[in-house]
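The next block holds one structure in the form of structure tokens; read it before the comments.
Everything quoted here is computed from the prediction, not taken from an experiment. Side chains included, hydrogens not; waters and symmetry mates left out as well; all remaining heavy atoms used.
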Amino acid sequence: MHSQDNRQSGLLSQFFESTLVSVAMFDRDMQYIKANRRYLDDYRLNAENITGRSFYDDFPDLPQGWQEAHERCLAGATQRVEDCIVHSDGATIRAHWELQPWH
């Protein structure tokens, strides 16, 4: 059974890294668990120390609606957010995000 779990974990990790869309996973405090290369590139983020870093540190000027969408997602709802955001380096990024709870 243990080798089956390792195989499934490996497949999930491979899918996560090879998907053509930006994907990031967060804990309940909106700290990164994992982000794929596409996400890091699209949002101009440094891969170093991504795990445990706060999403809100990377995007400090998000409108209040984003935090409310995150809270609804953490409560179990799927949320779609479309907006322009300003990255901490000053770049404006057009974002089309779908937020889904993951258990």
Side-chain angles (χ1 to χ4, degrees):
M1 184 73 169
H2 185 67
S3 64
Q4 180 69 16
D5 290 343
N6 286 341
R7 183 173 175 268
Q8 288 177 343
S9 178
L11 288 172
L12 179 61
S13 183
Q14 182 180 4
F15 169 78
F16 188 85
E17 288 303 326
S18 64
T19 187
L20 299 177
V21 297
S22 299
V23 179
M25 297 169 63
F26 302 92
D27 66 13
R28 296 195 65 76
D29 296 318
M30 289 304 293
Q31 293 180 338
Y32 290 95
I33 295 172
K34 189 171 183 165
N36 69 0
R37 173 55 45 198
R38 176 73 184 256
Y39 180 91
L40 296 170
D41 291 345
D42 284 352
Y43 298 105
R44 299 178 174 197
L45 299 173
N46 185 343
E48 281 186 44
N49 303 318
I50 190 82
T51 302
R53 190 166 71 217
S54 172
F55 171 84
Y56 299 114
D57 287 343
D58 288 327
F59 303 101
D61 297 320
L62 288 174
Q64 182 64 30
W66 282 76
Q67 290 180 350
E68 292 167 358
H70 293 153
E71 290 170 12
R72 287 190 297 272
C73 182
L74 289 171
T78 296
Q79 298 290 291
R80 287 182 177 83
V81 181
E82 184 175 333
D83 203 352
C84 286
I85 59 174
V86 178
H87 188 272
S88 59
D89 70 2
T92 300
I93 302 167
R94 182 89 178 140
H96 302 269
W97 292 4
E98 182 169 297
L99 311 169
Q100 296 184 356
W102 182 71
H103 306 280

Requested in this report: Give a yes or no on whether the backbone of L20 and the side-chain of R38 come within a donor-acceptor separation of less than 3.5 Å.
Outcome: yes
Requested in this report: Supply the atom-to-atom distance E68 CD to C73 SG, rounded to the nearest 0.5 angstrom.
Outcome: 14.0 Å
Query raised in the report: Within a strict 4.5 Å, meaning less than it, do heavy atoms of the M30 and W66 side chains meet?
Result: no
**Report entry** Pairwise distance CD(Q79) to CD(E98) - rounded to 0.5 angstrom
**Finding:** 9.5 Å
Query raised in the report: Got a second to check how far T51's OG1 is from M25's CE, nearest 0.5 Å?
Result: 10.5 Å
**Report entry** Nearest non-hydrogen partners of L74 and D27, listed with the distance
**Finding:** CD2-O, 4.3 Å
Query raised in the report: Any chance CZ of R94 has more than 12 other-residue heavy atoms, nucleotides or ligands included, within less than 6.0 Å?
Result: yes
Report task. Supply the atom-to-atom distance L99 CG to F26 CZ, rounded to the nearest 0.5 angstrom. Result -> 8.5 Å
**Report entry** Gap between atom CZ of R72 and atom OG1 of T78 - 0.5 Å precision
**Finding:** 11.5 Å
Report task. Look only at the side chain of R37 and the backbone of A47, and say whether a donor-acceptor pair between them is shorter than 3.5 Å. Result -> no
Query - Donor-acceptor contact present, side-chain N46 to main-chain E48, <3.5 Å - result: yes
**Report entry** Nearest-0.5 Å distance, OG1 of residue T19 to OH of residue Y39
**Finding:** 14.5 Å
Requested in this report: Please work out whether the ring planes of F55 and Y32 are parallel, tilted or perpendicular, with thresholds of 30° and 60°.
Outcome: tilted
Report task. Inspect the surroundings of CD in Q14 and state if more than 12 heavy atoms from other residues, nucleotides or ligands are less than 6.0 Å away. Result -> no
